Each structure stands twice: as structure tokens, then as C-alpha cells.
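Written below as C-alpha cells is the structure these notes are about.
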2 protein chains.
Amino acid sequence: MKISKKAYYGLRAVIALGRLSEPASIRSIAETEHLPEDYLEKILQALRRVGIVEAKKGADGGYSLARPAREISVWDILKELDSPLRSFSTPIKGTLPCLQPGHCQTNEVWRILEKEIEKTLSSISIDDLLPKDARQKHAF
Amino acid sequence: MKISKKAYYGLRAVIALGRLSEPASIRSIAETEHLPEDYLEKILQALRRVGIVEAKKGADGGYSLARPAREISVWDILKELDSPLRSFSTPIKGTLPCLQPGHCQTNEVWRILEKEIEKTLSSISIDDLLPKDARQKHAF
DNA sequence: TCAAATCAGACAAAAAAAGTCTGATTTCTA
DNA sequence: TAGAAATCAGACTTTTTTTGTCTGATTTGA
């Protein structure tokens, strides 16, 4: 139930973009954050496809946040970059579920857990994670 | 951030034991739950080491719960069988943490998430997952 | 004494995650 | 308008983790 490096890198990169007002190139982000450049590229592309960041091509281009940091949650990023909670085999379609004893009970546990994770991570925005004065609501 | 089959199998097995009053052999559990026998053996051994189940050796032996189902939580099982939430590299001991920008903020997010997961899963006991009449507090 | 069970740990196979490489396309600037 | 700097796209490889298997030892009840 661990969090992948992919999601960790992605979150770090988005936080980095949140600190800037100009587009930043993959290379510059990779260097300041010490992340593998080629891998970071794929991560940013994935985040672009879901509208979290936007890219400007060509010389002097780069990535920037597609919307204000306050409107991007940690959940938005993790649900895109991390594998979904449910990974085990679900009952075959068309058959009655829960024939295997315990299957549906565990499913229900995962469902509850998933909801809770979504709720928790949705309540934290990228803006909350940016450096600022200590009187802020969420100060990390 | 998915849950491993190991944890899924383990939870299913413990629920199965919760339904019984007599020790059950690995083989019988594997058969009724349709789980791989050799793998299940290792899982039950791990749960035995942390005192969730107990084993009786020899002919007519088998596994049973080491304490009442009400006193075993889903968290007890998952924290043993699943990988821990934090898997990325932490700052090198002896150096100042948070030199890499964004590192400590993400760490804080994981910490909050971990607490929430623990809280959620600790609130569900194996007894809650056993089949019983619908007026029970937790009825799955 | 034998059969049925757990115990222990090495090993193998499969799947997933992490990372790399190559070449195409776009766009700014000199 | 050519070249440099950037993203885009996707195949590929390597590494790590997970899942599963095998073999042999030990314990215990009938």
C-alpha cells in the first residue's frame, strides 16, 4: 500500500511549478529537484493530459500549472500517477458476486478505505504545500 | 497505493478462521477460500509470529485465531502483510532534512495519510466482517 | 510407527515500477 | 529561414517487488 516514486516525483514537480510564475523546462525542474529527467518527462506528460499542468512547446517553452495551486489537490495528482487501490481479481462478470466467502467483505473494506483516502488527500491543495508564512491555515 | 494479494489473502483467511471454533488446516482453508496453499502457509506463519493467529502442530492440528475476532482489526493484519506507506528515500541520516525542496512537504502528506488509514482500518474488526444478523453495528 | 500437520528457508516465475533511448514535431530567435 | 531548445510519442530495458513453488525438517496424535 505504498506510494510510488512516480507519484512522489509528480507531486514534487507540481509543488515546484507552484512556486514559479513562468513556465519551467523539464530539465530545469529535474535539476533543481534532483529527479530523473526522462522519467519526469513522462510524468509531466501524464499530468498534462488530465489538465493539471500545461505545456508550451518550442524554445523558451516549458510546463506550468494549468490552474491555480489552490484548485489542485494532492488527490488529483495521486489518482493519476499511482495505481488504483483495487487490484485483486473481482468476480467474473455475469456470475453472482461473493461466491467466495470473504470476498465481498474485503471489497467493502477497500471501498471504505478508498473513500477515506480520497477525502483526506482532496482536502490538501498544492497551495497548502507552498512555503509561506506560518499563520496560513495549512502550514507544512 | 494498491493493496497486495498477500494482504487480501490474509484478511480472507482470518475471516475464514473467525467463522470457525476449531483449528483449521492450511489445506482446508486454501480449498474453501480458493487460495494458493503454499503461499497461504507463509501468510499464516507471518500472522502467527505477530500473535494474530496460533498454530497447533501435528496431526489434527491447524490454525485458529489467537484472540477474539472483536479484538483483531483489519489494520492489525494489513500493517503486517502489506508494505508500509513510506517507501521512497528519506533524507540521509545526519544531514539536514528537507534540503530537496518539496521533500518534507510530501513527507508530511504521507504522514497525514498514514494516520488516516490506520484510524480507518483500526475501526473495523474481524468480528464486523463475519456474517450475522443485520441489526449489528457494522453489517457488511 | 505412520500420517498429517506446521516450520523454515531457499528458490523461481511473473508482474509492476522505474528508468532510458530514439526520433519526430513545434516554436522562438538570431 | 536555419538552428537551437523545448515538448511529444512510444518502444525498449532494467530493476525491484510480488507472487508462488519446492524441499526437507519437526512435531504430534492415533
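Since this is a predicted model, take the numbers as computed values, not measurements. First the proteins, then the strands, lettered A, B, ... as listed; each starts at 1.
- Regarding A/Glu37, its CD atom lies at a distance of 13 Å from the P atom of D/dA5, rounded to whole Å.
- Rounded to a whole Å, the CD1 atom of A/Ile3 is 17 Å from the C1' atom of C/dA16.
- As rounded to whole Å, 13 Å separates atom P of D/dT19 from atom OH of B/Tyr8.
- Regarding A/Asp38, its CG atom lies at a distance of 6 Å from the C1' atom of C/dT20, rounded to whole Å.
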Mind listing the N/O atom pairs, protein and nucleotides 3-13 of chain C, below 3.5 Å?
residue	atom	partner	partner atom	Å
C/dA4	N3	B/Ala59	N	3.4
C/dT6	OP1	B/Ile26	N	2.9
C/dC7	OP1	B/Arg48	NE	3.0
C/dC7	OP2	B/Arg48	NE	3.2
C/dC7	OP2	B/Tyr63	OH	2.5
C/dC7	N4	B/Glu41	OE2	3.0
C/dA8	OP2	B/Arg48	NH2	3.1

* Asked: Given the rule in the side chain to side chain contact (heavy atoms under 4.5 Å, CB included) test, do B/Leu129 and B/Val74 qualify, once you have shown the distances and angles that lead to the verdict?
  -> CA-CA 9 Å; B/Leu129 301 176; B/Val74 174; 3.9 Å; yes

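- Of the possible donor and acceptor atoms, none in the side chain of B/Ser122 sits under 3.5 Å from a partner among the backbone N and O of B/Lys119.
- One atom, CD1 of A/Ile43, and another, C1' of C/dA18, lie 9 Å apart when rounded to the nearest Å.
- Using a distance-only test at 3.5 Å, with no hydrogens or angles considered, no donor-acceptor pair links the side chain of B/Arg48 to the main chain of B/Ala66.
- The pair B/Glu114-B/Arg111 fails the salt-bridge criterion, with no side-chain N (NZ, NE, NH1 or NH2) lying under 4.0 Å from an Asp/Glu carboxylate O.
- Distance NZ (B/Lys2) to C1' (D/dT16): 12 Å, rounded to an integer number of Å.
- Distances shorter than 4.0 Å separate some side-chain N or O of B/Ser83 from OP1 or OP2 on D/dT18.
- Of the possible donor and acceptor atoms, one in the side chain of B/Ser83 sits under 3.5 Å from a partner among the backbone N and O of A/Met1.
- The shortest side-chain heavy-atom distance between B/Tyr63 and B/Gln45 falls under the 4.5 Å cut-off.
- Whole-Å rounding puts the B/Asp82 CG to D/dT17 P distance at 14 Å.
- Between A/Leu44 and A/Ile29, some side-chain heavy-atom pair lies under the 4.5 Å cut-off.
- Within the structure, every side-chain polar atom (N or O) of B/Lys5 is placed at least 4.0 Å from both OP1 and OP2 of D/dT17.
- For D/dG20, the OP1/OP2 oxygens have a side-chain nitrogen or oxygen of B/Tyr9 closer than 4.0 Å.
- To the nearest angstrom, C1' of D/dT17 lies 16 Å from CG of B/Leu85.
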